[in-house]
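Notes to accompany the following structure.
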Amino acid sequence: MKNVFDILSERGFIEQVTHEEELREQLGKESTTFYIGFDATADSLHVGHFVQIMVMSHMQKAGHRPIALIGGGTTMVGDPSGKTDMRKMLTIEEIQANGEAFKKQFSKFLDFSEGKALMVNNADWLLNLEYIPFLREIGVHFTVNRMLSAEAFKSRMDRGLSFIEFNYMIMQAYDFLQLHRRVDCKLQMGGNDQWSNIIAGVDLCRRVDSATVYGMTFKLLTTSEGIKMGKTESGAIWLDPEKTSPYDFYQYWRNVNDADVKNCLSLLTFLPMEEVNKLGGLEGSEINKAKEILAFEVTRLVHGEEEAKKAEVAAKLLFGDFSGDADVPSSELSSKELGEGLDIISLLQKTQLISSRGEGRRLIQQGGIYINDQRVEDIYQNITLEDFADNSLMIRKGKKIYHKVILI
RNA sequence: GGAGGGAUUUCCGAGUGGUUAAAGGGGGCAGACUGUAAAUCUGUUGGCGAACGCCUUCGAAGGUUCAAAUCCUUCUCCCUCCA
């Protein structure tokens, strides 16, 4: 069987490793417990986290044991790594609720049966720490000089770094030590922005317990221009279907840049590398095929086969020449609300396709609104029963935002 | 604790009494081109209104003035230097 280190390396995950040769050997030799931490800063995981989940999944398939660490304790402090501003403080209730949401989502991606994977929360050991004993046991092993030289703090040196955030690195290092002691965790992985925090943990384990543990970071998911992926104008791409619908999720991947297709296929799907290379090498409009596969595969992993198919069918119907009933975001309208007819702008407002009437007017004046594929020319156009076929009407905003209105 | 600097629309950032819903850029949205791509170009980008216009906005609250983002007072927050 192939060493999972080579798999990760071949697929382009790996950015930095503490002891490359030794770690590779370790992973080839025995089942290894490793962890990735997730701070509970939102009520759902997003695409950035998904890369980490993919790594955990690859590792688990190779017989290693993942620990998903939920940062119920560290989130109380706030990780300054790579951030220009201090994060807003979350209340303990918010953090707990977020942690619960994460927990549910992890269960979909990893096999937690029979101890094949663990889920822990660092609130369990961080929240009740006593300041002085902690300083004496752990704090002595850190020099401020060294900490200050960490890349993670660079962006904060001119803007200011509060003491609470400065402590984050120590918290995370302590996590590693705890996991090493509790469940023999030998490896911490994470996004490359975590490198400073990870080596702090590796060092701490060595100093305190004379233990050899490893660290590895992955490439952050960025576009070929270096912009973080998984963000859109309306925010992150979430894994929670309530926050990002499977259709929108599919569309996001369907529309990635040509240059990013190969990277996404390799990081976000389990397709064999020969196929990834083949698809990634397609040129011109041919690459749309690769994008369809990418979108389908990622949607399938996150939302399941059925949702992925629905999204795919909807996309084909809307963008192809077929006609039929597409499963796109929709809203309902009662015949009472419709009455004798409803003006187009009010209808747009009801569907939340626009945020103000002025925006709607502008949109129509610029030719960006279509009803049943007919461009709307008149901002006063009245929508009546006649516009509904089979009790439904399709609104299109711009080139690719569709919304169905169902008459009830 | 002392001295100085700052807070502007979604973000950055100009603006020091009326011509300012506020330059410029980023971002967003739409159009053209295309491959449901990128790049490019064009338009647009506080709310209500067809429009004249009206309303809300320049950290907060007061005040001066016919008129304030711009002047005064107090307050809040941030930064820099000194202790």
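To find a chain, count down the sequence lines: A is the first, B the second, and so on, and within it residues start at 1.
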Open item on the list: Considering every strand and a 4.0 Å limit on heavy-atom distances, what is the contact class for Ile369(A): base, sugar-phosphate, or nothing?
Closed with: nothing
Open item on the list: Aromatic contact between His64(A) and Phe34(A), with the criterion being ring centroids under 6.0 Å apart: yes or no?
Closed with: no
Open item on the list: With a 3.5 Å limit on both atom pairs, tell me what A3(B) is paired to, counting Watson-Crick and G-U wobble, or say none.
Closed with: U80(B)
Task: Ring-ring centroid check Tyr402(A) Phe319(A), cutoff 6.0 Å - done: yes
Task: Presence of Ser285(A) side-chain N/O under 4.0 Å of A37(B) phosphate oxygens OP1/OP2 - done: no
Open item on the list: Of the listed nucleotides (A50(B), G47(B), G49(B)), which one gets closest to any side-chain atom of Arg361(A)?
Closed with: G49(B)
TODO: Taking only the side-chain nitrogens and oxygens of Lys400(A), find out if one of them lies under 4.0 Å from OP1 or OP2 of A37(B).
DONE: yes
- [ ] Determine the Euclidean distance between corresponding C1' atoms of U36(B) and A30(B); express it in Å to zero decimal places.
- [x] 16 Å
TODO: With heavy atoms under 4.0 Å as the rule, sort Gln365(A) into base, sugar-phosphate or nothing.
DONE: nothing
Task: Ring geometry between Phe166(A) and Phe163(A) (parallel below 30°, tilted from 30 to 60°, perpendicular above 60°) - done: tilted
TODO: Kindly indicate whether the side chain of Gln366(A) and the base of G31(B) share any N or O donor-acceptor pair separated by less than 3.5 Å?
DONE: no
Task: Pairwise C1' distance for A37(B) and U19(B), with rounding to whole Å - done: 45 Å
- [ ] Answer yes or no: is there a side-chain heavy-atom contact under 4.5 Å between Pro241(A) and Glu307(A)?
- [x] no
Open item on the list: Please pick, from G31(B), G47(B), U36(B), the nucleotide with the shortest atom-to-atom distance to any side-chain atom of Arg375(A).
Closed with: G31(B)
- [ ] In whole angstrom, give me the gap between the P atoms of A69(B) and C58(B).
- [x] 8 Å
Open item on the list: Under 4.0 Å, counting only non-hydrogen atoms across every strand here, what does Arg396(A) touch: a base, just sugar-phosphate, or nothing?
Closed with: nothing
Open item on the list: Heavy atoms from C-beta onward define the side chain here; which of U36(B), C48(B), A30(B) lies closest to that of Asn255(A)?
Closed with: U36(B)
Open item on the list: Work out how far the P atom of C75(B) is from that of G4(B), and round it to whole angstrom.
Closed with: 15 Å
TODO: State whether the distance check finds a donor on one side and an acceptor on the other, under 3.5 Å, for side chain Arg357(A) versus base G47(B).
DONE: no
Open item on the list: Using the P atom as the point on both nucleotides, what is the distance between G15(B) and U64(B), in whole Å?
Closed with: 29 Å
TODO: Would you mind reading off the distance between Lys399(A) atom NZ and A32(B) atom P, rounded to a whole angstrom?
DONE: 6 Å
Open item on the list: Using the side-chain contact (heavy atoms from CB on, under 4.5 Å) definition, which of the options Leu204(A), Val202(A), Asp203(A) pairs with Phe176(A)?
Closed with: Val202(A)
- [ ] Using the P atom as the reference point in each nucleotide, state the distance between G18(B) and A68(B) in Å, no decimals.
- [x] 11 Å
Open item on the list: At 4.0 Å (heavy atoms only), tell me whether Arg362(A) reaches a base, stays on the sugar-phosphate, or touches nothing.
Closed with: sugar-phosphate
TODO: Can you check whether any acceptor in the base of U45(B) is under 3.5 Å from a donor in the side chain of Glu359(A), or vice versa?
DONE: no
- [ ] Let me know which of Phe50(A), Tyr250(A), Tyr252(A) forms a side-chain contact (heavy atoms from CB on, under 4.5 Å) with Val298(A).
- [x] Phe50(A)
TODO: Would you kindly give the CD1-to-C1' distance between Ile287(A) and A37(B), to the nearest whole Å?
DONE: 9 Å
Task: Rounded interatomic separation in angstrom, taking NZ from Lys291(A) and P from A37(B) - done: 8 Å
Task: Among A37(B), C48(B), U36(B), the one nearest Phe319(A) by side-chain distance - done: U36(B)
